[in-house]
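Beneath this line is the structure, given in structure tokens, with notes to follow.
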Amino acid sequence: MLELSFIKTNKERVIQGLKIRNFSVESLQVIDHILGTDEVRRSTQAELDNNLAESKRLAAEIGSLFKSGKTGDTDALKQQVAALKEQAKNLETKMREAAERLEELLLSVPNIPHISVPPGKSPEDNEVHKAWGKPLPELGDGAIPHWELAKKYNIFDLDLGVKLTGAGFPVYRGKGARLERALINFFLDEATKAGYEEIAPPLMVNQETARATGQLPDKEGQMYYVEKDDLYLIPTAEVPVTNLYRDVIVDEKDFPIKLTGYTPCFRREAGSYGAHVRGLNRVHQFDKVEIVQIAHPDTSYGQLEQMLAHVSSLLEKLELPYRILRLCGGDMGFTSALTFDFEVWSAAQERWLEVSSVSNFETYQSNRLKVRFKDGGKTRLAHTLNGSALALARIVAALLENNQAPEGIRLPKVLHAYTGFELID
RNA sequence: GGAGAGGUGGCAGAGCGGUUUAAUGCGGCGGUCUUGAAAACCGUUGUACCGAAAGGUACCGGGGGUUCGAAUCCCUCCCUCUCCGCCA
């Protein structure tokens, strides 16, 4: 959620930003509604504050009359307080309604895109920021997609997942399961080397936590919900890991705070079926190592660069051709100010697969999380950033397809120590 | 799951209906003293909102209630601790 004070002092900048997100003229009126509702809220609070101050004063007066034994003089005062209280009730209702309306309006406004975000309406308008691994590998005629490789070498099984749970819950087995574990360890080790503290968080979170990072109310339908205990299965480690710092006033010396965590991720992905989601391309449960940073506003974009470099190095070590996209205004997530997507080339499917999304949220997330620091005497919101480093399922898909050979699947060198084998056959 | 105890400022801990703008201690910050430090002493030390400022309001686990007045009484929910049961 945007800071109200930012909207007040930078109205034009906000409107320009929303235009990059393809807001229509009518939709832009939300900004005026916000400012108007805030006006109502503030004037109502001023009235209420005066009312309460008067009540308190009168109550103290009654108190001192009691003390001096003049109990007979208190009736008129009591009536005055009763009248004030009646008023206060109405003012309180009015203020609460204005505050709720204001919150609702603020929640409906997405983050303001960074100045470098290109305009655009669809993924076609994303900018290629960097490409690595040219030329793209070409496979021979016998090349098969990863879901067929899975059957051939018995490394994961989606039908068994259907038997146990339902569609989209893969069962990894044998060298496939070992590869999964190897990748998790590799990613965590690399993150640790890069200075991230490893976190093993809960996989279910309460409403407050889901709300603070913005999954609620925006992406409610995307999460699995355990009704009996009112808990959500996490769609990404971002949720519990970032929330570690909810309501924390960080010591400026501790910036940037760098955290990493491995978790399974649970996503309902309602309504997405078809050829594009075959195999591991889109599943309801997948493993992911996430990196999270909480940074000083002055240096957060430098940290974002650092995160891009980190993810790049992982893909290069895995020898996977990739490209980095700078997302356009129309394709960027609701809460992000600037997002880079990483896509790897999946050689048998001959398509790019998104394996990481690295974003700076500036203060949009921290405004709900209340992650702050002291800047001189002032309390300011910190910047939050996160990115996948990396999402496993699609990495596995690309590794299998790109490295298939007549004798089996040759794994990149960097994984040998983790898997204990070089070839899946 | 059952029984009991308890949740107060960064921490410890008092307050149990009316100068509480929450005592006191520790810690933190600033100062005096000192060549420097320690000790001692003095001062200061939460968050949010309204206000140009002066100042005001809210917050003693969350929500609701009683009262002219609630940290204090009542209801309810959550959490922590102890004991019992169950259990990887």
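As a basis for the values below, the full set of heavy atoms in this structure was taken, side chains included, without hydrogen atoms, waters or symmetry mates. In what follows, chains carry the letters A, B, and so on, assigned in the order in which the sequence lines appear, proteins first and then strands, with residues in each chain numbered from 1.
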* If you measure from the C1' atom in B:G2 to the same atom in B:G62, how many Å do you get, rounded? -> 25 Å
* Asked: What distance, rounded to whole Å, do you find between the two P atoms, one in B:U8 and one in B:U72?
  -> 14 Å
* To do: Can you tell me, in whole Å, how much space there is between the P of B:C26 and that of B:A39?
  => 11 Å
* Asked: Is the A:F255 to A:F373 ring centre distance short of 6.0 Å?
  -> yes
* Would you mind reading off the distance between A:L381 atom CG and B:A48 atom C1', rounded to a whole angstrom? => 12 Å
* To do: Please name all residues satisfying salt bridge (Lys or Arg N to Asp or Glu O under 4.0 Å) with A:K374, sequence neighbours left out, ordered by chain then number.
  => none
* Structure fact -> Answer for the Watson-Crick or wobble partner of B:U67, both distances under 3.5 Å, is none
* **Residues forming a ring-ring contact (aromatic ring centres under 6.0 Å, His included) with A:Y153, sequence neighbours excluded** => none
* Asked: How long is the line joining CG of A:D230 and P of B:C77, in whole Å?
  -> 16 Å
* With both distances kept under 3.5 Å, what pairs with B:U82, Watson-Crick or G-U wobble? -> B:A3
* Asked: Looking only at atom P, what distance separates B:C29 and B:U66, rounded to whole Å?
  -> 47 Å
* Asked: Rounded to whole angstrom units, what separation is found between the CD atom of A:E208 and the P atom of B:C79?
  -> 13 Å
* Structure fact -> Per the under-4.0 Å heavy-atom filter, residues of residues 364-373 of chain A near RNA chain B come out as A:R372
* To do: Return the nucleotide paired to B:G51: Watson-Crick means purine N1 to pyrimidine N3 with N6-O4 or O6-N4, wobble means G-U with N1-O2 and O6-N3, both under 3.5 Å.
  => none
Give me, pair by pair, the N or O atoms of the protein and of nucleotides 67-75 of chain B that are less than 3.5 Å apart, along with how far apart they are.
| residue | atom | partner | partner atom | Å |
| --- | --- | --- | --- | --- |
| B:G69 | OP1 | A:K85 | NZ | 3.1 |

* In whole angstrom, give me the gap between the C1' atoms of B:G43 and B:U47. => 23 Å
* Considering Watson-Crick and G-U wobble pairs with both distances under 3.5 Å, what does B:U24 pair with? -> B:A12
Table of protein N/O atoms under 3.5 Å from nucleotides 51-56 of chain B N/O atoms:
| residue | atom | partner | partner atom | Å |
| --- | --- | --- | --- | --- |
| B:G51 | OP1 | A:R42 | NH1 | 2.8 |
| B:G56 | N2 | A:D49 | OD2 | 2.8 |

* Asked: If you check the A:T379 side chain, which of B:C49, B:U57, B:A48 turns out closest?
  -> B:A48
* Any side-chain donor near an acceptor of the partner, A:Q215 and A:R211, under 3.5 Å -> no
* Structure fact -> A:N51 CG to B:C50 C1', in whole Å, measures 15 Å
* Under 3.5 Å on both distances, the Watson-Crick or G-U partner of B:G17 -> none
* Please work out which of the three classes, parallel, tilted or perpendicular, describes the rings of A:F156 and A:Y172, given edges at 30° and 60°. => tilted
* Whole-angstrom distance between B:C79 and B:G61, as gauged at atom P -> 16 Å
* For A:D247 and B:G10, what is the distance between atoms CG and C1' respectively, to the nearest whole Å? -> 15 Å
* Asked: Quick one: are the ring centres of A:H284 and A:F266 less than 6.0 Å apart?
  -> no
* Integer-rounded Å distance: B:A58 C1' and A:R96 CZ -> 15 Å
* P spacing across the pair B:A14 / B:G6, given as an integer number of angstrom -> 12 Å
* Whole-Å distance separating the CG atom of A:L4 from the P atom of B:C50 -> 8 Å
* Structure fact -> In short, A:N111 meets A:S336 closest at the heavy-atom pair CB-O, 3.3 Å
* Asked: Rounded to whole angstrom units, what separation is found between the CG atom of A:L52 and the C1' atom of B:C50?
  -> 12 Å
* Watson-Crick or G-U wobble mate for B:U72, both contacts under 3.5 Å -> none
* If you measure only the distance, is there a donor-acceptor pair under 3.5 Å linking the side chains of A:Q349 and A:N281? -> yes
* Asked: When you compare B:A12 with B:G27, how far apart are their C1' atoms, in angstrom units rounded to a whole number?
  -> 10 Å
* To do: Just name whichever nucleotide pairs with B:G43, Watson-Crick or G-U, keeping both distances under 3.5 Å, else none.
  => B:C29
* **Other residues, nucleotides, ligands: >12 heavy atoms within 6.0 Å of A:I115 CD1** => no
* To do: Test A:L353 against every option in A:V344, A:I395, A:L280 by the side chain to side chain contact (heavy atoms under 4.5 Å, CB included) rule and name the one that passes.
  => A:V344
* Would a line drawn from the ring center of A:Y301 to the ring center of A:H383 be shorter than 6.0 Å? -> no
* To do: List for me each residue that meets ring-ring contact (aromatic ring centres under 6.0 Å, His included) alongside A:F421, sequence neighbours excluded, and say none if there are none.
  => none
* Structure fact -> Nearest heavy-atom contact between A:T209 and A:N243 is O-ND2, 3.0 Å
